[in-house]
*Asks:* 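Before we start, here is the structure in question, set down as structure tokens.
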Amino acid sequence: MAKGYGRGMPGMGGMNMNMIKQAQKMQQDMLRMQQELQEKEYQAASGGGVVSATVNGRHELKSLVIDPEAVDPEDVEMLQDMIVAAVNEAMRAADADAANTMQSLTGGLNLGGLGL
């Protein structure tokens with residue numbers, strides 16, 4: 001066997017340990033941020049503010065406020081549309097915040113396939 005083969009590369013053990021520590025720290029940071037994002041609340045309004053929805057990062061509707069002027073018994077469909085619009089916009093805000101937060105943490109790396 002030639003000299004140097006089979007022994008590994010000098011200094012690589014420390015580099016591997018450093019990479020493992022960095023990966024573990026990133027995973028801990030991601031878990032912490034995911035927990036924070038789940039608790040965070042996002043609000044959106046529709047119909048000029050007559051309908052307001054608040055959701056959390058778990059996509060749970062926390063509150064729905066409807067101004068009495070938005071209630072028209074002759075046009076219930078309009079009220080339903082405003083509710084859907086407000087809830088969907090609040091959900092989009094939660095998703096966008098989660099994506100931006102994770103992108104800033106990972107430096108834009110696509111880690112979806114790694115289960116992170």
*Asks:* Quick one about Tyr42 and Asp97 (side-chain donor to acceptor, distance below 3.5 Å, no hydrogens or angles considered), yes or no?
*Replies:* yes

*Asks:* Indicate the atoms forming the closest heavy-atom contact of Ala44 with Ala86, along with that distance.
*Replies:* CB-O, 3.5 Å

*Asks:* For the side chain of Asp75 and the backbone of Met78, is there at least one donor-acceptor N/O pair under 3.5 Å apart?
*Replies:* yes

*Asks:* Yes or no on salt bridge (charged side-chain N to carboxylate O under 4.0 Å, His left out) for Asp29 and Arg32, after CA distance, side-chain angles and deciding distance?
*Replies:* CA-CA 5 Å; Asp29 291 346; Arg32 182 181 44 78; 3.7 Å; yes

*Asks:* Calculate, to the nearest 0.5 Å, the distance between atoms NZ and CD belonging to Lys25 and Gln27 respectively.
*Replies:* 12.5 Å

*Asks:* Strictly by modelled atom types, are Gln43 and Ser52 linked by a side-chain donor-acceptor pair under 3.5 Å?
*Replies:* yes

*Asks:* Quick one: pull up CE in Met26 and CE in Met33 and give me the separation to the nearest 0.5 Å.
*Replies:* 10.5 Å

*Asks:* Consider only side-chain heavy atoms of I, L, V, M, F, W and Y, link residues closer than 4.5 Å, and tell whether Ile66 and Leu61 are in one cluster.
*Replies:* yes

*Asks:* Before giving the answer on side-chain contact (heavy atoms from CB on, under 4.5 Å), spell out for Val50 and Glu69 the whole-Å C-alpha distance, their side-chain angles and the decisive distance to 0.1 Å.
*Replies:* CA-CA 7 Å; Val50 295; Glu69 79 178 50; 3.7 Å; yes

*Asks:* Return the CE to CG distance between Met91 and Asn56, rounded to the nearest 0.5 Å.
*Replies:* 8.0 Å

*Asks:* Kindly work out whether a path of hydrophobic side-chain contacts (I/L/V/M/F/W/Y, heavy atoms less than 4.5 Å apart) joins Val87 to Val71.
*Replies:* yes

*Asks:* To the nearest 0.5 angstrom, please state how far the NZ atom of Lys40 sits from the CZ atom of Arg58.
*Replies:* 14.5 Å

*Asks:* Do Leu64 and Met82 belong together in a cluster built from hydrophobic side chains that touch within less than 4.5 Å?
*Replies:* yes

*Asks:* Output the distance between atom OG1 (Thr54) and atom NZ (Lys62), rounded to the nearest 0.5 Å.
*Replies:* 10.0 Å

*Asks:* Looking at CG of Leu31 and CD of Glu36, how far apart are the two atoms once the value is rounded to the nearest 0.5 Å?
*Replies:* 11.5 Å

*Asks:* So, the side chain of Thr101 versus the backbone of Ala98: is there a donor-acceptor pair under 3.5 Å, distance only?
*Replies:* no

